[in-house]
Visitor: 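Mind having a look at this structure? Questions to follow.
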Amino acid sequence: MFARLRSDIQCVLDRDPAARSTWEVITCYPGLHAVWLHRPAHWCWHHGFKWLGRFISHVARWLTGIEIHPGAKVGERVFFDHAMGVVVGETAEIGDGCTIYQGVTLGGTSLYKGTKRHPTLGKDVVVSAGAKVLGGFVVGDGAKIGSNAVVIKPVPAGATAVGIPARIIPSKTGESADVTEPAQKFQAYGITQEDDPLSQAMRGLIDNAASQEHQIALLWQAIETLADMKKRDCVPQDAAREGCFEADKLNQLVGK
């Protein structure tokens with residue numbers, strides 16, 4: 001038990017640069033308190049003391065601002081960072097090493113009792129501030145959920161989900177977000193260097209349109225040269241002989 005408590009404290013020290021001492025983590029981190037209070041609530045829930053489990057959960061919510069249903073499964077080294085307003089549903093499962101920020105909802109979309117209504121997070125998942133993960137699907141190991149994303153479908157391992165509804169950015173390296181492994185670097189708030197796929201598509205269309213306009217301008221220049229050779233003006237007055245498509249400005253608008 002004490003080894004697990006030390007692991008809980010160490011995961012906070014590893015992931016939060018603001019944490020300066022073990023005593024500070026023990027006394028001033030509501031996310032840690034929420035995890036510790038959830039364990040007796042979860043035990044009561046699965047040993048027939050349903051009301052007592054709910055009551056402990058209710059007290060934990062009042063003390064920490066984090067609501068974890070006693071039926072939810074929370075793995076080891078789970079860190080609720082800030083985490084005010086987090087809601088974790090009854091059939092949710094949170095894998096080892098996950099990091100969950102403030103305002104996150106692991107919610108359900110079904111009203112049928114006894115069914116898997118809430119998501120399952122694999123190991124080392126990062127769920128950023130304000131994200132909503134809704135449904136009984138799986139978020140794969142090492143995946144990242146962007147801030148304010150609304151995820152309503154499975155997320156592959158190592159991928160990043162961003163937007164409303166969430167779009168999936170596949171992993172190119174397969175690297176996990178786990179900070180406990182020294183070879184890997186933790187990414188706070190699920191920040192990724194990969195672009196939103198919608199922005200990628202928009203930039204592709206902009207680049208293609210700019211290229212086509214440039215080619216058209218070259219064609220008009222060639223026609224104008226041929227016309228001069230034959231001393232006939234066959235080029236329309238409104239022909240665009242120079243490209244004027246503002247590709248750079250549009251790329252700035254979509255975030256390039």
Visitor: Membership question, hydrophobic clusters at under 4.5 Å side-chain separation (ILVMFWY): are Val125 and Val74 in the same one?
Guide: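 Linked, Val74 and Val125 end up in one cluster.
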
Visitor: Does Thr91 offer a backbone N or O that forms a donor-acceptor pair with the side chain of His118 under 3.5 Å?
Guide: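 Side chain of His118 to backbone of Thr91: a pair is present.
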
Visitor: Any chance you could lay out the side chain to side chain contact (heavy atoms under 4.5 Å, CB included) test for Glu93 and Lys116, step after step, and finish with the verdict?
Guide: CA-CA 10 Å; Glu93 300 178 35; Lys116 173 63 173 171; 3.7 Å; yes

Visitor: ring-ring contact (aromatic ring centres under 6.0 Å, His included) with His33: which residues, sequence neighbours excluded?
Guide: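 Testing His33 for ring-ring contact (aromatic ring centres under 6.0 Å, His included), a comparison that skips the adjacent residues, returns none.
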
Visitor: Ignoring hydrogens and geometry, is there a side-chain-to-backbone donor-acceptor pair from Asp141 to Ala157 under 3.5 Å?
Guide: no

Visitor: Just to verify, what does Ala18 make a side chain to side chain contact (heavy atoms under 4.5 Å, CB included) with, not counting sequence neighbours?
Guide: Asp16, Tyr29

Visitor: Taking only residues two or more places apart in sequence or in another chain, which ones pass ring-ring contact (aromatic ring centres under 6.0 Å, His included) with Phe55?
Guide: Trp51

Visitor: Tell me the salt bridge (charged side-chain N to carboxylate O under 4.0 Å, His left out) pairs involving residues 49-66, sequence neighbours left out?
Guide: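 Output for this query lists Arg61-Glu67.
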
Visitor: Assess whether side chain to side chain contact (heavy atoms under 4.5 Å, CB included) is satisfied between Ile100 and Val86, documenting all intermediate values.
Guide: CA-CA 8 Å; Ile100 297 176; Val86 165; 4.2 Å; yes

Visitor: Donor-acceptor check, side chain of Thr64 to backbone of Ala34, threshold 3.5 angstrom: yes or no?
Guide: no

Visitor: Do the side chains of Phe79 and Leu5 join up, straight or via other hydrophobic residues, at under 4.5 Å, putting them in one cluster?
Guide: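 Yes, one cluster joins them.
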
Visitor: Mind checking what makes salt bridge (charged side-chain N to carboxylate O under 4.0 Å, His left out) contact with Glu90, not counting sequence neighbours?
Guide: Arg117

Visitor: Keeping the roles fixed (side chain from Ser7, backbone from Ala3), state whether a donor-acceptor pair exists under 3.5 Å.
Guide: no

Visitor: In this structure, would Leu52 and Leu37 fall into the same cluster of hydrophobic residues linked by side-chain contacts under 4.5 Å?
Guide: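 Per the 4.5 Å side-chain linkage, Leu52 and Leu37 are co-clustered.
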
Visitor: Would Ile94 end up clustered with Val87 when hydrophobic side chains under 4.5 Å apart are linked, directly or stepwise?
Guide: no

Visitor: Restricting to side chain to side chain contact (heavy atoms under 4.5 Å, CB included), what partner residues turn up for Ile9, sequence neighbours left out?
Guide: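 Scan of Ile9 (side chain to side chain contact (heavy atoms under 4.5 Å, CB included), adjacent residues dropped) gives Leu13, Thr22, Val25, Ile26, Leu32, Trp36.
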
Visitor: List, by chain and then residue number, the residues other than Val138 in its hydrophobic cluster (Ile/Leu/Val/Met/Phe/Trp/Tyr, side-chain heavy atoms under 4.5 Å); write none if there are no others.
Guide: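 Same cluster as Val138: nobody, lone residue.
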
Visitor: Could you work out the complete set of other residues in the hydrophobic cluster of Ile164, with links drawn between I, L, V, M, F, W and Y side chains under 4.5 Å apart?
Guide: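 Ile164 clusters with Leu134, Val150, Ile152.
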
Visitor: Checking the side chain of His82 only, and the main-chain atoms of Ala129 only, is there a donor and an acceptor separated by less than 3.5 Å?
Guide: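 Judged by distance alone, no pair lies under 3.5 Å.
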
Visitor: Using the side chain to side chain contact (heavy atoms under 4.5 Å, CB included) criterion, which residues pair with Ser57? Sequence neighbours excluded.
Guide: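 Ser57 satisfies side chain to side chain contact (heavy atoms under 4.5 Å, CB included) with Pro70 once adjacent residues are dropped.
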
Visitor: Who are the ring-ring contact (aromatic ring centres under 6.0 Å, His included) partners of His46, not counting sequence neighbours?
Guide: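 So His46 forms a ring-ring contact (aromatic ring centres under 6.0 Å, His included) with His42.
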
Visitor: Is it true that a side-chain atom of Lys73 and a backbone atom of Gly71 form a donor plus acceptor pair closer than 3.5 Å?
Guide: no

Visitor: Got a sec, which pairs hit salt bridge (charged side-chain N to carboxylate O under 4.0 Å, His left out) with one end in residues 19-39, sequence neighbours left out?
Guide: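 Of all non-adjacent pairs touching residues 19-39, those that pass salt bridge (charged side-chain N to carboxylate O under 4.0 Å, His left out) are Asp8-Arg39, Arg20-Glu24.
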
Visitor: Taking the six-membered ring for Trp, is the centroid-to-centroid distance between His58 and Trp62 below 6.0 Å?
Guide: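 No, the ring centres sit 6.0 Å or more apart.
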
Visitor: Minimum heavy-atom separation for Gly122 to Cys98, with atom names?
Guide: O-SG, 3.0 Å

Visitor: Any idea which heavy atoms bring Ser128 and Gly146 closest together, and the distance?
Guide: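 Nearest pair, atom of Ser128 first, then Gly146: CB-C, 3.7 Å.
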
Visitor: Working to the nearest 0.5 Å, report the span between OH of Tyr101 and CG of Asp81.
Guide: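 That separation rounds to 5.0 Å.
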
Visitor: Atom CG of Leu106 and atom OG1 of Thr120: how far apart are they, to the nearest 0.5 Å?
Guide: 10.0 Å

Visitor: Listed by chain and number, what are the side chain to side chain contact (heavy atoms under 4.5 Å, CB included) partners of Lys153, not counting sequence neighbours?
Guide: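 With sequence neighbours excluded, Lys153 shows a side chain to side chain contact (heavy atoms under 4.5 Å, CB included) to Ile168, given in chain and number order.
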
Visitor: Show your reasoning for whether side chain to side chain contact (heavy atoms under 4.5 Å, CB included) applies to Trp43 and Phe49.
Guide: CA-CA 8 Å; Trp43 186 92; Phe49 303 101; 4.1 Å; yes

Visitor: Tell me, with the steps shown, if Cys44 and Ile56 meet side chain to side chain contact (heavy atoms under 4.5 Å, CB included).
Guide: CA-CA 9 Å; Cys44 290; Ile56 295 174; 4.2 Å; yes

Visitor: Do you know which of Val126, Val139, Thr160 makes side-chain contact (heavy atoms from CB on, under 4.5 Å) with Ile145?
Guide: Val139

Visitor: Do you know which two heavy atoms are closest between Ala161 and Val151, and how far apart they sit?
Guide: CB-CG2, 4.1 Å

Visitor: Do you know which two heavy atoms are closest between Ala143 and Val155, and how far apart they sit?
Guide: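 What the structure gives for the nearest pair is CB-CG1, 3.9 Å.
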
Visitor: Heavy-atom distance under 4.5 Å between the side chains of Trp45 and His69, does that happen here?
Guide: yes

